[in-house]
2 protein chains.
Amino acid sequence: MDLDFFELIYNHPLLKKEDYQEIRKAHTKIEFQQGSMLLEIGKIAREFYIIEKGLFRSFLYDYNCNETTTEFYCSNEILIESLSLFQRTSSKENFQAITDAVVWKIEYETFQQLLQTVEGFREWGRTWATSQIFSLKQRSINVLTINATDRYLDLIKERPQIIKQSPLKYIASYLGITDTSLSRIRKEIATS
Amino acid sequence: MDLDFFELIYNHPLLKKEDYQEIRKAHTKIEFQQGSMLLEIGKIAREFYIIEKGLFRSFLYDYNCNETTTEFYCSNEILIESLSLFQRTSSKENFQAITDAVVWKIEYETFQQLLQTVEGFREWGRTWATSQIFSLKQRSINVLTINATDRYLDLIKERPQIIKQSPLKYIASYLGITDTSLSRIRKEIATS
DNA sequence: AAGTACACTTGCCATATGACAAGAAATGCT
DNA sequence: AGCATTTCTTGTCATATGGCAAGTGTACTT
């Protein structure tokens, strides 16, 4: 059932059946082909996306002009450039479909309206924003204090979809290492 | 002048002289001794702090029980554990005065009230939250893509106060390296 | 002034990761 | 099936950083 998908994403005890009807109506389905861009650096994000199927990544170019994958977005997750969307500034990152994908989008204005009119949605939004900030903090700490092998093992455990669906080079740049090193780490893990 | 300090911190074009009067009245001055704790892991943050003088750091223990300095807070900056303050959850980090310090605090409830009643303050808050998220993202990217020497050089350039006021070991753990390595990096820089 | 604690530096060697290049495997296209 | 492209692996060597221990410097206490 489609409704189950929305209940899963916007999960909050204050949200009722009729709220989900309203939320659902606010969304439009779009499909993306593997490799296509959902948002590019310099453009302004106007929509909030939830992923039904497929895998996306965000990436940018570091000071050495190397592509760095900053995040992965799996099915049943939310994909946005929060700074661009909420601050109406140009995006600092590219967002790309790694596989063919099905997503549901909601316009920024509609999203804001839901936040204002649906209490449970507002509360959901607050919780979600908090978890976003928590993840961002956690990521820096992990990178600083955990070695690449353990970060990779964590990724396997926590987000196996990524391992299955993403080319090794994107995973490597997400972990902050080269694809050569990641290949060796995999070998090491396999033989131990 | 004290007012100048508040105008500097809560800088926003929508805020007027009388707004700053109100903002100022909402704050109370406190002093901290070098080494004393402003907030500890497990406690709930009830206040928002702005630093007039001195240096603070936040830190936690990683999965190896090593102390990791997650952030520094210099004079004219804001110091809070946003997750704890806004979500009423227990703090995930310790906050400690590295030097003797003078800060101004504002109670959470008073802060919320200002957000609701003063439009310029609300707009300032939105901008500030955005810049926080931006910094968090930037930090992960820097750690992933820039080597320790360049991160240290950046720190010297961007936040010289920290270099002057913090012991080397905190700077090292902030950079994600040992104090031994940082000592060598300094030597390397000095002789080149 | 001696003692103590803390901050910083240095030496030695180990380990993790990178750079580059070649080869192998998988995938897509016609 | 055959070719081209991309993805992944492996070898060799270089560099960055860590772990440990000893040594030096500095500041505070008494």
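Letters A, B, ... are given to chains in the order of the sequence lines, protein chains preceding strands, and every chain is numbered from 1.
Partners of A:Ser183 under the side chain to side chain donor-acceptor pair (under 3.5 Å) rule, at least two apart in sequence or in another chain, do not exist in this structure. In this structure, the ring-ring contact (aromatic ring centres under 6.0 Å, His included) partners of A:Phe95, at least two apart in sequence or on a different chain, are A:Tyr73. Under the side chain to side chain donor-acceptor pair (under 3.5 Å) criterion, A:Thr178 pairs with A:Ser181, sequence neighbours left out. B:Lys137 is linked by a salt bridge (charged side-chain N to carboxylate O under 4.0 Å, His left out) to A:Glu81, A:Glu93, counting only residues two or more places apart in sequence or in another chain. With sequence neighbours excluded, no residue satisfies side chain to side chain donor-acceptor pair (under 3.5 Å) with A:His12. Applying the salt bridge (charged side-chain N to carboxylate O under 4.0 Å, His left out) rule to A:Glu109 yields the partners A:Arg88; only residues at least two apart in sequence or on another chain are considered.
Under the 4.5 angstrom side-chain criterion for Ile, Leu, Val, Met, Phe, Trp and Tyr, the cluster partners of B:Tyr61 are B:Met37, B:Phe59.
Defining each end axis of the helix from C:dA1-D:dT30 to C:dT30-D:dA1 as the rotation carrying four pairs' C1' atoms onto the next four, with five pairs an end, the two axes are found to diverge by 40° to 10 degrees.
Results of the side chain to side chain contact (heavy atoms under 4.5 Å, CB included) test with A:Arg139 over B:Leu144, B:Val143, B:Leu136 single out B:Leu144 as the only residue that passes.
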Could you go over nucleotides 25-30 of chain C and give all protein N or O partners under 3.5 Å, atom names and distances?
none

Listing time: all N or O pairs from protein to nucleotides 9-15 of chain C that are below 3.5 Å?
residue	atom	partner	partner atom	Å
C:dT9	OP2	B:Ser183	OG	2.8
C:dT9	O5'	B:Ser183	OG	3.1
C:dG11	N7	B:Arg184	NH2	2.9
C:dG11	O6	B:Arg184	NH2	2.5
C:dC12	N4	B:Arg184	NH2	2.9

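Using a 30° and 60° split on the angle between ring planes, B:Phe56 and B:Phe32 fall in the perpendicular class, above 60°. The aromatic rings of A:Trp104 and A:Phe5 lie tilted to each other, with the angle between the two planes from 30° to 60°. Using cut-offs of 30° and 60° on the angle between ring planes, the pair A:Phe48 and A:Phe111 is parallel.
Close approach of DNA chain D to chain B, defined as any atom under 4.0 Å from a non-hydrogen atom of the protein, starts and stops at D:dT17 to D:dC20.
Under a cutoff of 6.0 Å and an axis angle of 45°, B:Arg57 and B:Tyr170 form a cation-pi pair.
Residue pairs that meet the ring-ring contact (aromatic ring centres under 6.0 Å, His included) test with at least one member in residues 173-192 of chain A, sequence neighbours left out, are A:Phe72-A:Tyr174.
Spacing between atom NZ of B:Lys169 and atom P of C:dC6 amounts to 8 Å, rounded to whole angstrom units. The CG-P distance, from A:Asn66 to C:dT17, rounds to 17 Å in whole Å.
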